[in-house]
Amino acid sequence: ALTGTQPGVGDTFTIFVNETEGEVALTSGSSFAFEFSNSLFDAGTTLKLETVYAPGAKPIDIATLREIISYPSIYDTSAVYLGNFDFLVRRNLSPFRFLSVWNEFVEEKARGSSLDNINTIFVAALKDGVENAALRAEVEAIIKKADDSYKVRHVDVTIKEIPITITASVSTVYDFADVEQQIRETVLTNFGADSVFAKRGQTRILYKKVYDLITKNVQALQGEISDLEVVITDPEIDFLPEEYRYVSEASLTITVEQAE
């Protein structure tokens with residue numbers, strides 16, 4: 001005996017998958033097929049991924065763990081101390097491509113005062129493999145659960161590539177192309193689009209940090225006759241909290257020359 005429903009031609013079914021194990025890198029529109037086929041009619045079925053509400057994820061990497069534990073130990077996984085919703089959201093939804101959470105004071109410093117900003121938490125977020133609407137709903141639910149007295153306003157993320165010009169002077173015993181590549185890898189690893197620096201909003205590249213990292217990782221610049229000049233075009237004005245800011249291949253200029 002057969003049980004169930006016989007679909008008609010053109011019928012549409014929606015299937016929800018609620019659990020995954022580990023990272024699942026699927027994008028909306030991906031095609032699927034039956035693992036087993038019982039008849040020729042199965043070939044007429046179209047299977048397509050419509051929406052990803054939340055992807056699976058790998059275990060939290062060391063860089064993200066360092067970021068989370070840098071917060072004071074009085075924070076826990078649900079409570080908010082002194083309104084630090086950045087920690088709350090990051091702790092519950094990591095990893096993010098980019099996350100910036102700010103309050104009324106920061107918003108009015110950037111765009112001026114408004115009555116609409118009173119008691120409001122502002123959020124700009126990107127997460128790989130998640131539809132924007134679904135991500136915003138998750139973030140809002142986490143904040144409301146912690147404190148439902150706040151309004152939550154979502155702000156579109158804007159991308160800003162930070163221009164950096166680096167001039168290095170090294171001894172002729174070193175291969176200039178190798179030195180350039182070492183500098184490039186150091187800068188992009190620490191300040192590129194995938195870096196911890198870029199994923200956390202409202203941060204600025206510090207000259208001291210750049211000098212220290214390059215000198216530590218590039219042996220040619222540890223010699224007594226070597227020299228290093230760094231120019232960061234990162235104005236202090238017009239700095240918005242929703243900016244996803246990083247150094248890219250295109251915005252990084254490196255010149256390696258012979259030390260005098």
Side-chain angles (χ1 to χ4, degrees), residues 28 51-55 57 60-61 63-162 191-206 233-247:
S28 299
T51 304
V52 178
Y53 291 101
I60 297 179
D61 57 69
T64 303
L65 282 174
R66 287 196 181 105
E67 175 72 13
I68 291 174
I69 65 174
S70 66
Y71 291 87
S73 59
I74 52 175
Y75 298 141
D76 61 26
T77 58
S78 59
V80 178
Y81 177 71
L82 295 180
N84 199 329
F85 288 93
D86 181 283
F87 167 78
L88 180 74
V89 175
R90 198 177 298 276
R91 176 64 178 80
N92 283 275
L93 282 180
S94 286
F96 282 91
R97 163 64 52 184
F98 171 81
L99 176 66
S100 180
V101 182
W102 64 98
N103 58 19
E104 174 187 348
F105 175 79
V106 175
E107 174 65 18
E108 296 192 343
K109 185 177 179 182
R111 275 178 279 264
S113 60
S114 170
L115 292 176
D116 293 337
N117 297 335
I118 296 175
N119 214 37
T120 300
I121 296 296
F122 301 83
V123 182
L126 291 175
K127 189 176 176 69
D128 293 339
V130 184
E131 295 289 335
N132 200 36
L135 176 59
R136 289 183 173 187
E138 280 196 271
V139 170
E140 189 162 341
I142 289 171
I143 294 175
K144 291 289 187 181
K145 183 178 179 180
D147 190 336
D148 61 6
S149 68
Y150 282 98
K151 297 178 291 184
V152 179
R153 186 180 304 169
H154 299 281
V155 181
D156 291 337
V157 176
T158 58
I159 294 176
K160 181 178 180 181
E161 296 183 357
I162 303 172
F191 305 107
D194 295 324
S195 65
V196 172
F197 162 83
K199 292 178 181 180
R200 183 176 184 181
Q202 306 176 65
T203 52
R204 184 176 304 284
I205 298 179
L206 302 177
T233 309
D234 192 12
E236 295 184 2
I237 59 174
D238 299 329
F239 178 79
L240 300 176
E242 69 270 20
E243 289 180 351
Y244 176 28
R245 304 166 55 257
Y246 57 85
V247 181

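- Results of the side-chain hydrogen bond (donor to acceptor under 3.5 Å, both in side chains) test with Ser100 over Arg200, Gln202, Lys199 single out Gln202 as the only residue that passes.
- Taken to the nearest 0.5 Å, the CZ atom of Phe85 stands 4.5 Å off from the CD1 atom of Ile121.
- The CG atom of Leu240 lies 6.0 Å from the OG1 atom of Thr158; values are rounded to the nearest 0.5 Å.
- How far CD of Glu243 is from CD1 of Ile159: 11.0 Å, rounded to the nearest 0.5 Å.
- Within the 4.5 Å cutoff, side-chain heavy atoms of Lys127 are placed close to those of Pro95.
- In this structure, CD1 on Ile142 lies 12.0 Å from CZ on Arg90, to the nearest 0.5 angstrom.
- A pairwise comparison of heavy atoms in Asn119 and Glu104 identifies N-OE1, 3.5 Å as the closest pair.
- Under the side-chain contact (heavy atoms from CB on, under 4.5 Å) test applied with Val123, the options Ile143, Val157, Asp86, Val89 reduce to a single match, Ile143.
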Worksheet item: Which is it for Asn117 and Phe122 under the side chain to side chain contact (heavy atoms under 4.5 Å, CB included) test, yes or no, and what are the steps along the way?
Response: CA-CA 9 Å; Asn117 297 335; Phe122 301 83; 3.5 Å; yes
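- Atom CG of Leu126 is separated from atom CG of Leu99 by 9.5 Å, given to the nearest 0.5 angstrom.
- The salt bridge (Lys or Arg N to Asp or Glu O under 4.0 Å) check on Glu242 picks up Arg111, with sequence neighbours excluded.
- One finds the CD atom of Glu140 at 11.5 Å from the CG atom of Asp148 (value rounded to the nearest 0.5 Å).
- Looking only at distances, a side-chain donor or acceptor of Thr120 sits under 3.5 Å from a matching main-chain atom of Ile118.
- The environment of Lys144 atom NZ is dense: over 12 non-hydrogen atoms of other residues, nucleotides or ligands sit within 6.0 angstrom.
- Leu88 and Ala146 make their closest contact through CD2-CB, 3.5 Å (heavy atoms, listed as atom of the first residue, atom of the second, distance).
- Within the 4.5 Å cutoff, side-chain heavy atoms of Leu135 are placed close to those of Phe96.
- In terms of the ring pair (Phe, Tyr, Trp, His ring centres under 6.0 Å) criterion, residue partners of Phe98 (sequence neighbours excluded) are, by chain and number, Tyr244.
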